[in-house]
2 protein chains.
Amino acid sequence: MIEHADLSRPIYIRLKEMILDGDLKPGEKIIQEKIAETLGVSRTPLMKALLTLENEYLIESIPRRGMFVKTRDLKEIIDVYICREAIEGMAARLLATYKNDNNTDALKKCFTPFLEDENIDSQTYTKADENFHKLLIKLTENAPLDKIYFFSNIHDKVIGHGLVRPPEETLEEHFKIITAIEQGNPDDAERYAREHIRKSRELLIDQYKNHKSE
Amino acid sequence: MIEHADLSRPIYIRLKEMILDGDLKPGEKIIQEKIAETLGVSRTPLMKALLTLENEYLIESIPRRGMFVKTRDLKEIIDVYICREAIEGMAARLLATYKNDNNTDALKKCFTPFLEDENIDSQTYTKADENFHKLLIKLTENAPLDKIYFFSNIHDKVIGHGLVRPPEETLEEHFKIITAIEQGNPDDAERYAREHIRKSRELLIDQYKNHKSE
DNA sequence: AAATTGCATTTTGTATACAAAATACAAAAT
DNA sequence: ATTTTGTATTTTGTATACAAAATGCAATTT
């Protein structure tokens, strides 16, 4: 049996699930007593979990008024993509600078299942994409860099709504990044990583504009 | 005792002060009951403050064993500087891209007091330097970018130990960044911002090596 | 009918109580 | 003398209690 010394940990995981799955909807107020009862815990460890989620940008707290599932407008999603561009770009640079076969192998492995696949399953690819981007950060072994990468939450949420570019387009980009890292070319690695995210960002803006003018 | 709608807020500020001032020393265990009594509050709002500090990387928590003032080794400080390089570089790029006179004026104002000063006071300049780097981020109005910039804490702490380059060297660099922003040159702005931090990082490594071989 | 006020209810923020785990330390064993 | 074991103390983690603020709603006023 896995023993949890800290109840707030599984609560945090559960709540995060609920938010990302949409069980708790953006803007919805989190009534502590209610959630606490649902989860069968008291408000104390729940509060700890909520504070962690607040720091991960999934919840917004207004003193004396309550905690709410964070709503996001386009501006903020764009801003997140800008952050990711800076962070993942740097991560790719670091990996290329201190290149290492284990790392490139691990990165490649994210996408090998799709290399000979004619009909890529969107769901599976999305998951692989998430893994790849998280791995890129993890492999740097730069703890602060990893800590600030809670953006992946928002990224996952955006992806969850089907707002991604097709695998035909991104698969190649991913391998361009990996190859640059493999060849120990920091400038290329960073440039490709940034381009990759910038393109998604631009698409998001376009999609929004089109949607708006319908 | 302090009065506020949210007690954890002033507690947080107070504790942060105590950590940055060295009243609470790195590695020191934070005995909740003790601190709570000292501040005249209960453990509940104290815990909230401590969790915020944990998320700001100033405190480290080990479940069931306690919370400790974070210790830092060179590797971690270097890692922070790498993060700053990515983040501030992007900030400079953004400001140059969406250039605006108010912004450049505000940035210039940080250092105008030192322009005709022959004998720059180190303490005052250090404060100005801190302001400049925080302002660079703030002016982007990119909320997530600002949120992840808690590194300034660590930066301030390092600076507090006197580990900075002299004003004669950095003043010029600061103005190179500002000028690039003013001229709307994103590539230069980012490059100069990154160089600026990279140089400090390299100096830190040198200082460490010298110190070690003494 | 719309706006305002006052009261009951809900909900948050803080303090406190209590159980379980960690720690410190002394006594016993090797 | 050093290690081990058992016990008292401290400290954390969780639940609960309670006061103060926010909210909802009905009665009253305009």
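A, B, ... follow the sequence lines: proteins, then strands. Residue 1 opens every chain.
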Between P on D/dT14 and CG on A/Leu39, what's the gap in Å once rounded to a whole number? 13 Å
Whole-Å distance, B/Leu7 CG to C/dA15 C1', equals 11 Å
Looking at the side chain of B/Lys48, which of D/dT12, C/dG13, D/dA15 is the nearest nucleotide? C/dG13
For DNA chain C, which residues in residues 22-37 of chain A have a heavy atom at a distance below 4.0 Å? A/Lys29, A/Ile30, A/Ile31, A/Gln32
A/Arg65 side chain N/O closer than 4.0 Å to the phosphate oxygens (OP1, OP2) of D/dT23? yes
Using modelled atom types only, decide if a donor and an acceptor are shared between the side chain of B/Asp21 and the backbone of B/Met18 within a distance under 3.5 Å. no
Can you name the salt bridge (charged side-chain N to carboxylate O under 4.0 Å, His left out) partners of A/Arg84, sequence neighbours left out? A/Glu88
Inspect the surroundings of CD in A/Glu202 and state if more than 12 heavy atoms from other residues, nucleotides or ligands are less than 6.0 Å away. yes
I'd like to know if the side chain of B/His196 and the backbone of B/Tyr192 have a donor-acceptor N/O pair within less than 3.5 Å. no
Between C1' on C/dA15 and CZ on A/Arg43, what's the gap in Å once rounded to a whole number? 12 Å
Tell me which nucleotide, if any, is Watson-Crick or G-U wobble paired with D/dT16 when both distances must be under 3.5 Å. C/dA15
Of the nucleotides D/dT12, D/dA22, C/dA15, which one has an atom closest to the side chain of A/Arg64? D/dA22
B/Asp6 has an atom CG; how far is it from atom C1' of C/dT12, in whole Å? 10 Å
D/dG13 C1' sits how many Å from B/Leu46 CG, rounded? 14 Å
Would you say B/Asn103's side chain and B/Asn100's backbone share a donor-acceptor pair under 3.5 angstrom? no
For B/Ser42 and C/dA15, is the shortest distance between a side-chain N/O and OP1 or OP2 below 4.0 Å? yes
Quick one: side-chain contact (heavy atoms from CB on, under 4.5 Å) partners of B/Lys99, sequence neighbours excluded? none
Can you tell me the distance, in whole Å, between the CE atom of B/Met47 and the P atom of D/dA15? 14 Å
When rounded to whole Å, the CZ to C1' distance for the pair B/Phe68 and D/dT12 reads 11 Å
Which nucleotide in D/dA17, D/dT14, C/dA15 has an atom nearest any side-chain atom of B/Val41: C/dA15
Paired with C/dA28: which nucleotide, if any, by Watson-Crick or G-U wobble criteria at under 3.5 Å for both distances? D/dT3
Using a strict heavy-atom distance below 4.0 Å, which residues from residues 50-62 of chain B are in contact with DNA chain D? none
Contacts table for residues 58-72 of chain A: side-chain donor-acceptor under 3.5 angstrom, sequence neighbours left out:
unit_1  : atom_1 : unit_2  : atom_2 : d
A/Lys70 : NZ     : A/Glu76 : OE1    : 3.4
A/Lys70 : NZ     : A/Glu76 : OE2    : 3.3
A/Arg72 : NH2    : A/Tyr57 : O      : 2.5

Other residues, nucleotides, ligands: >12 heavy atoms within 6.0 Å of A/Lys147 NZ: yes
Could you say whether B/Met67 or A/Pro45 is positioned toward the 5' end of DNA chain D, judged by the nucleotide with the nearest heavy atom to each? B/Met67
Under a 3.5 Å distance rule, please check whether A/Glu28 uses its side chain to pair with a backbone N or O of A/Lys25 as donor and acceptor. yes
Only distances under 3.5 Å count here; give the side-chain donor-acceptor pairs of residues 43-50 of chain B to other protein atoms, sequence neighbours excluded, each with its distance to 0.1 Å.
unit_1  : atom_1 : unit_2  : atom_2 : d
B/Arg43 : NE     : B/Gln32 : OE1    : 3.0
B/Arg43 : NH2    : B/Gln32 : OE1    : 3.4

